[in-house]
Structures are given as C-alpha cells and as structure tokens.
Amino acid sequence: MDTMSCWNASTSDYSTMNGANGARSNKLPSSRYKGVVPQSNGRWGAQIYDKSHRVWLGTFNDEEEAAKTYNIALLKFRGLDAITHLSRSQMKPYGRDVTEALFLESHSKAEIIDMLRKHSYANELEMYKHKLHNGGALGLDDGGKRTKCYLDLMDTCSRERELLFEKVATPSDVGRLNRMVIPKQHAEKHFQVHLSVGFGKGVLLKFEDELGKVWRFGYCYWSSSQSYVLSKGWIRFVKEKKLKAGDIVMFQRSVGEDKKLFIECRPRKVDVSRIEEMHGRVAGPLATVQDDGVVRLFGVNIS
DNA sequence: CGATGTGTTGAG
DNA sequence: TCAACACATCGG
C-alpha cells in the first residue's frame with residue numbers, strides 16, 4: 001500500500017459507545033486514508049480538493065478501493081510530478097508506468113473523474129494500453145508528429161536511472177593528476193569497453209550531470225595501478241563541482257532505451273552525531289539506495 | 001426507499 | 001485544505 005497515503009489512525013475515533021447509557025453511537029468511523037470519507041450505509045466515498053473546490057470521486061465498497069481512487073485523482077490533479085516522485089518499485093504494484101502517465105495526460109480531468117465515479121478507470125486504462133501496444137501510432141498526432149505530451153514523457157522516462165556504483169573520492173582523484181581511478185570490479189562490470197581499452201590508448205566516455213550538462217572523459221587502463229581511470233577532462237569536472245577528497249561520486253545509467261551514463265557528486269557525509277545528541281534521536285540516512293537502485297534523498301526519489 | 005453527493009461548518 | 005456531519009436530491 002505504499003502509494004496510499006495513510007491517515008493518522010490515532011486521530012480517528014472508533015469509539016462506538018456512549019459512556020453513560022452504553023448505546024451505540026451513530027458516529028461514523030473515520031477512514032485511515034486521506035480523501036476517503038465514510039458513508040452512512042457502511043460504504044466509502046472518495047473526494048479530492050481542487051483549488052478549494054471539492055470534487056466527488058464516487059462511492060466504493062472498500063475503504064482501500066476509495067483510497068486507490070483518490071490516489072489516481074491525485075496523479076491527475078497534482079500533475080505528473082506526483083508520478084515521477086514515485087520510484088519504480090512503488091509504481092509496479094499498481095502498474096503505474098509511463099503508459100499510465102500518457103493515459104492520464106491524454107484525458108481531461110472530467111473524463112478521468114467520470115471513469116473513477118463509474119469504476120471504469122482500470123478498464124479504460126487497459127483498453128488504452130492495448131491500443132498502444134497493438135501497433136497504434138504511439139504518441140503520434142494527426143500530422144504524424146510526436147505529441148508534446150509523448151516527448152515530455154519519454155524525457156521523463158529517459159531521466160529514470162539506476163545507480164551503478166559510488167566512489168569516495170581519494171586525495172589523488174581530486175589532485176593535479178587529472179585522473180580518477182575506477183575500481184577494476186566496477187569498471188569491468190559497468191563500463192563494458194575495457195576490451196577495447198588497451199595500454200595507453202583509451203576511449204571517450206560520455207556522461208551527463210544532474211543539470212544535463214555533458215561531460216566527456218578519457219577512459220583507459222592504467223597499468224601502474226592495475227585499474228581503469230577517467231582521465232582527459234576529469235580535472236575540469238573536479239574544478240567545476242568543487243570536488244573534495246571524501247566527497248562521493250555517483251555513477252548512474254538510465255534504465256530506458258538509450259542507456260545514457262550519468263555522473264553526479266555529493267559532499268562527504270557530514271557528521272550528524274552531534275546533532276543527534278542534541279535532538280535525542282537518530283536521524284535517517286540523508287540518502288539511501290534502494291535494492292532496485294533508485295536513489296532517494298530525504299525519502300524522495302531524486303532520479 | 002436507500003444511496004449518493006452537496007451544503008456547510010469548524011478544526012488545523 | 002481538509003474531514004465531519006446534516007440532509008437534499010437522485011434514481012431504481
């Protein structure tokens with residue numbers, strides 16, 4: 001249920017007795033889920049607020065069904081940002097993928113609401129997927145051009161990436177040698193060019209940083225250290241990013257068709273033990289890597 | 001008639 | 001912005 005926003009159950013009052021006479025209270029039970037309201041007949045309503053205006057999303061037998069409905073409406077009303085902030089692993093259980101984003105984008109709010117109220121959203125989405133996958137003109141408008149929506153989505157998709165490995169920058173990595181050592185194990189696993197990287201001669205590897213800026217680094221085998229190095233162009237990256245020894249350099253690759261390489265860096269971990277003492281609690285990691293490689297910062301997918 | 005969804009309020 | 005609640009309106 002990770003895409004369902006769970007309402008604070010401690011605030012909902014499930015007491016069903018009136019203290020004095022022991023009679024059943026007619027008070028309805030609160031829902032655990034945001035956007036879900038009880039109905040007097042035991043069913044559940046779903047509603048979402050759109051700019052201080054309440055939009056009714058229909059009634060449902062299951063509280064969870066109402067919550068799912070609310071979440072779909074959330075995707076439509078709060079925009080695609082809501083989708084891209086979900087990691088792949090969160091989307092999978094709900095089949096939330098780029099196709100669903102495309103589906104949401106190609107229907108008006110009114111149409112989506114209508115489907116939700118009629119409980120036909122899942123069917124419509126399924127039909128839409130078939131249409132696309134059975135040779136339909138994927139993302140093509142009347143003139144045969146890619147629609148803006150399609151391009152936006154492909155762009156979003158191409159930004160999705162997995163972490164290949166991280167390296168803590170050594171003093172020599174950020175020094176005047178103009179090269180960064182890539183540990184052999186990672187180089188041979190992820191940069192599948194080592195066969196063509198002979199002694200002395202190398203290839204150029206192309207990376208993008210978090211701002212989309214392109215970086216090309218020479219890449220070759222460095223026999224003296226028995227490992228591979230990023231060389232030509234590396235020092236420019238060090239200078240521009242103000243990379244210091246101890247900082248962490250992350251190597252990523254897009255999971256989409258194009259398999260682009262990305263390079264990003266972040267400051268070495270600050271010592272938070274002092275802060276933890278002061279606050280009397282242990283803070284979670286600033287950044288973590290999930291088992292599917294999706295990078296999260298403050299609990300938000302920053303891929 | 002029961003079910004649905006709106007009017008309205010007040011808390012946060 | 002949001003859920004709680006009352007109740008008008010819908011529709012079989």
Side-chain angles (χ1 to χ4, degrees), chain A residues 1-87 89-91 93-96 100-101 103-128 149 152 156 275 278-284 296-302:
Chain A
M1 299 297 142
D2 45 9
T3 66
M4 278 190 212
S5 32
C6 217
W7 202 232
N8 184 357
S10 65
T11 61
S12 61
D13 183 6
Y14 271 81
S15 71
T16 52
M17 297 297 180
N18 287 333
N21 53 21
R24 269 219 174 274
S25 164
N26 50 18
K27 191 169 173 164
L28 295 169
S30 297
S31 173
R32 290 167 290 150
Y33 302 108
K34 188 172 177 181
V36 177
V37 290
Q39 297 294 95
S40 49
N41 56 2
R43 304 186 77 219
W44 299 90
Q47 59 186 20
I48 189 170
Y49 285 81
D50 184 29
K51 193 73 182 139
S52 76
H53 170 62
R54 179 178 52 190
V55 178
W56 189 253
L57 303 173
T59 52
F60 307 85
N61 288 323
D62 301 338
E63 195 179 355
E64 285 72 24
E65 197 59 31
K68 283 184 198 173
T69 299
Y70 170 83
N71 280 302
I72 293 163
L74 198 63
L75 295 180
K76 182 62 190 173
F77 280 75
R78 305 284 191 262
L80 283 178
D81 286 351
I83 290 179
T84 55
H85 287 162
L86 298 175
S87 72
S89 63
Q90 283 176 311
M91 290 162 84
Y94 296 91
R96 293 240 164 89
E100 181 164 4
F103 175 74
L104 285 166
E105 276 296 287
S106 58
H107 292 84
S108 67
K109 283 181 182 176
E111 287 172 320
I112 297 295
I113 293 164
D114 196 56
M115 294 177 207
L116 294 175
R117 286 170 76 145
K118 288 176 174 166
H119 302 194
S120 67
Y121 177 86
N123 287 338
E124 298 276 357
L125 175 59
E126 214 44 49
M127 289 180 57
Y128 184 86
C149 158
D152 286 349
T156 298
I275 302 171
M278 289 165 61
H279 289 251
R281 65 186 176 83
V282 175
R296 315 197 105 231
L297 181 62
F298 304 121
V300 175
N301 177 8
I302 57 167

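All values below were derived from every heavy atom in this structure, side-chain atoms included, with hydrogens, water molecules and symmetry-related copies excluded. Chain letters run A, B, ... following the sequence lines, proteins first, then strands; residues in each count from 1. All values reported here derive from a predicted model rather than from experimental measurement.
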| request: Look at the side-chain N and O atoms of A:K27 and state whether any lies under 4.0 Å from the OP1 or OP2 oxygen of C:dC5. | output: yes

| query | Are side-chain heavy atoms of A:E63 and A:Y33 found at a separation under 4.5 Å? | reply | yes

| query | Between A:Q39 (CD) and C:dC10 (C1'), how many Å, whole number? | reply | 14 Å

| For the side chain of A:K109 and the backbone of A:F77, is there at least one donor-acceptor N/O pair under 3.5 Å apart? | no

| field | Atom-pair distance (NE2 on A:H119; P on B:dT4), nearest Å | value | 8 Å

| For atom CD of A:E63 and atom C1' of C:dA3, their distance in whole Å | 13 Å

| field | hbond_proxy A:Q47 side chain to B:dG5 base (donor-acceptor, 3.5 Å cutoff) | value | no

| query | Within this structure, what is the NZ-to-C1' distance between A:K118 and B:dA3, rounded to whole angstrom? | reply | 18 Å

| Would you call the rings of A:H107 and A:Y128 parallel, tilted or perpendicular if under 30° counts as parallel and over 60° as perpendicular? | perpendicular

| said: I need the CZ-P distance between A:R32 and C:dA4, as an integer number of Å. | reply: 14 Å

| remark: Whole-Å distance, A:W56 CH2 to B:dG7 P, equals 13 Å

| field | Between B:dT6 (P) and A:H53 (NE2): distance, integer Å | value | 8 Å

| remark: DNA chain C nearest-nucleotide lookup for A:S52 and A:S40: closer to the 5′ end is A:S52

| query | Looking at A:S30, does any N or O in its side chain come under 4.0 Å of the phosphate oxygens OP1/OP2 on C:dA3? | reply | no

| request: Indicate, with a heavy-atom threshold strictly under 4.0 Å, whether A:G58 touches base, sugar-phosphate, or nothing. | output: sugar-phosphate

| Distance-only donor-acceptor test, A:Y49 side-chain atoms vs C:dA3 base atoms, 3.5 Å | yes

| note | Heavy atoms of A:L28 and A:P38 approach each other most closely as CB-CG, 3.7 Å

| field | Results of side chain to side chain contact (heavy atoms under 4.5 Å, CB included) for A:V37 - residues two or more places apart only | value | A:Q39, A:Q47, A:W56

| Atom-to-atom span, NZ of A:K34 to C1' of B:dA11 - whole angstrom | 15 Å

| query | Any side-chain N or O of A:R54 less than 4.0 Å from the OP1 or OP2 oxygen of B:dT6? | reply | no

